[in-house]
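Here's the structure we're looking at; comments come further down.
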Amino acid sequence: METRHLLVLSAVLGLVAAGKHDIYARNSVHGVQLRNKADQEYIHQLEVQMDLDIWQEGVAGRRDAQVMVTPDKKTAFLKALDDKGIQHYVHLEDVAKAFTDYDDQVEMWRSMRKLRMIFQDYPRYADVDAYLEGVASQHPNIAKLVTAGKSFEGRDIKYLKISTTNFEDASKPVYILTTMIHAREWVTTPVALYSIYRLVENLRSQDQDLLRDIDWIIMPLVNPDGYEYTHTHERLWRKTRTKNVTNHETCVGVDGNRNFDMNFASLGVSNDPCHLTYPGPFPFSEAETRYIRDIFHEYLGRIQLFMDVHSFGNYVTFGYGDETLPQNAPQVLQVAAAMGAVIDTRKLPEADFYLIGNSATLMYVTSGCAQDYGTSIGIPFSYTLELPSYGYDFRVPPQYVDQINEETWHGIAISARLARVYYTARRNAQNNS
Ligand code: ZN
């Protein structure tokens with residue numbers, strides 16, 4: 001009798017102690033079946049009006065949106081959908097429970113898989129930093145570690161420059177890969193680390209050209225403050241950790257991928273500093289985005305492709321976010337399509353196929369995005385890549401990380417090769433004229 005009471009008591013205490021995700025208690029996530037563009041736009045109206053958290057953008061008739069709501073807004077949100085005749089279903093009943101269960105499963109997996117590479121799990125800032133330092137010190141002829149500067153909270157934001165010729169051969173294009181501007185998109189950083197591994201530590205015979213003919217800049221943690229905060233406090237944090245002091249309150253963070261200087265704060269954003277997609281008080285208000293801008297300008301003319309990696313949804317998109325297209329749109333579409341196609345041939349059957357296109361046409365209008373800024377200053381191929389979730393939203397089990405790394409690497413490789421062909425053709429044309 002006594003023992004049973006003790007067990008019950010410890011179970012209750014266990015629940016209280018394991019409250020890491022309590023802030024999401026009874027938050028629910030709803031799949032929303034979008035019928036047309038008007039439904040997509042309606043969801044985005046509701047996003048701002050009701051302060052919703054859109055986990056996945058949907059595409060009408062192709063892919064459902066996923067929307068998280070707090071319990072106090074759930075009834076009103078579902079009624080707003082019903083009023084328009086939009087079908088919906090419950091994806092997650094209780095987000096706190098979903099993440100608690102997920103953490104338990106990850107811990108179990110880790111205890112069984114003690115030997116693993118850094119890119120086979122979700123490493124913390126210090127682990128990523130140590131890896132970058134290690135690669136640079138073991139391969140000084142190929143890899144140089146650069147500190148772009150400090151984050152808002154004072155962490156060093158670093159990137160690797162990978163080159164066989166110390167970035168001095170202008171006949172080579174530069175490929176820039178950035179991950180983790182959005183803090184909760186954990187599965188993105190392993191892709192950057194795996195790309196480093198494949199280029200520097202484990203270059204295979206069929207990939208020699210990628211190292212020989214292309215210079216690479218890879219930044220695995222654009223937003224380290226936000227990323228660490230998702231580990232320690234709020235798993236679903238998206239923004240930077242800058243303090244925005246308004247008249248009445250202090251709200252934290254800016255959406256880094258709305259903070260670039262292209263149509264800034266004009267489309268698809270909220271000017272409420274507390275909102276999830278707050279673009280900041282002015283363009284490049286964030287140190288994190290200024291570092292990317294500065295890299296762009298340092299190598300402008302040589303940067304042929306910029307790939308900003310997000311999760312989730314299986315998309316390769318390009319600008320502009322206001323639905324206009326760059327002049328070389330057919331080529332931009334071709335490279336994106338090749339990338340999606342190569343990944344599709346390697347994906348597991350249960351994953352979605354990649355959708356390719358202009359981000360505004362495919363999903364909805366945006367402003368201040370990294371992809372658009374890249375295009376606006378003359379980077380010929382500038383993309384947003386939304387990795388697959390394999391149906392697990394932000395809770396991708398580490399068991400899938402190898403698969404995502406590998407399939408994405410092949411996509412990156414084809415995009416690099418194609419973009420280089422165009423780079424060489426452009427240089428030859430310039431030299432002949
Ligand atoms: Zn994102």
Side-chain angles (χ1 to χ4, degrees), residues 29 40 43-44 47-48 52-59 63 65-68 122 151 157 176-192 219-231 234-242 253-260 262 267-270 275-280 286 288-289 292 306-319 321 336 352 354-360 362-374 382-390 392-396 401 404 408 411-412:
V29 178
Q40 288 179 244
I43 295 292
H44 280 278
E47 178 193 19
V48 176
L52 303 171
D53 182 344
I54 296 187
W55 279 20
Q56 177 176 233
E57 309 294 340
V59 172
R63 200 156 291 169
Q66 284 184 0
V67 183
M68 181 170 85
Y122 301 117
S151 66
I157 297 176
I176 301 186
L177 183 71
T178 56
T179 58
M180 196 61 73
I181 195 168
H182 284 153
R184 63 193 183 180
E185 300 170 3
W186 282 12
V187 80
T188 61
T189 291
V191 165
M219 186 186 278
L221 287 177
V222 173
N223 173 17
D225 297 350
Y227 181 57
E228 282 294 295
Y229 191 75
T230 60
H231 281 276
E234 293 184 39
R235 175 61 185 83
L236 293 168
W237 190 258
R238 168 183 165 103
K239 300 190 283 183
T240 60
R241 293 293 302 164
T242 316
V254 164
D255 184 338
N257 203 30
R258 302 288 182 273
N259 189 238
F260 286 76
M262 181 59 196
L267 296 166
V269 294
S270 164
H275 196 271
L276 206 64
T277 57
Y278 175 58
E286 306 306 284
E288 291 79 359
T289 56
I292 295 176
F306 166 57
M307 185 71 63
D308 188 32
V309 186
H310 293 249
S311 85
F312 53 91
N314 303 69
Y315 300 108
V316 185
T317 65
F318 50 85
D352 288 324
Y354 264 82
L355 295 176
I356 309 299
N358 170 268
S359 55
L362 204 55
M363 287 176 273
Y364 74 110
V365 293
T366 53
S367 54
C369 293
Q371 83 180 10
D372 283 13
Y373 182 71
S382 186
Y383 298 108
T384 305
L385 172 65
E386 296 276 359
L387 295 174
S389 74
Y390 275 93
Y392 293 95
D393 50 69
F394 297 115
R395 300 165 301 142
V396 178
V401 171
I404 293 172
T408 308
I412 290 169

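Note that ligands are numbered from 1 as they come in the structure, with each ligand's atoms numbered from 1 the same way.
- Defined by atom type and a distance below 3.5 Å, a donor-acceptor pair is missing between the side-chain atoms of Glu288 and Ser151.
- A donor atom on one side chain and an acceptor atom on the other are found under 3.5 Å apart for Ser359 and Gln371.
- Checked against the Zn ion (ligand 1), the N, O or S atom of His182 at the shortest distance is ND1.
- For the pair Arg395 and Trp186, the cation-pi criterion (under 6.0 Å, within 45° of the ring axis) is not fulfilled.
- Residue side and main chain included, Glu185 places an N/O/S atom under 2.8 Å of the Zn ion (ligand 1).
- Among heteroatoms of the N, O or S kind in His310, ND1 lies nearest the Zn ion (ligand 1).
- Under the 3.5 Å distance criterion, with hydrogens and angles disregarded, no donor-acceptor pair is assigned to the side chains of His275 and Asp255.
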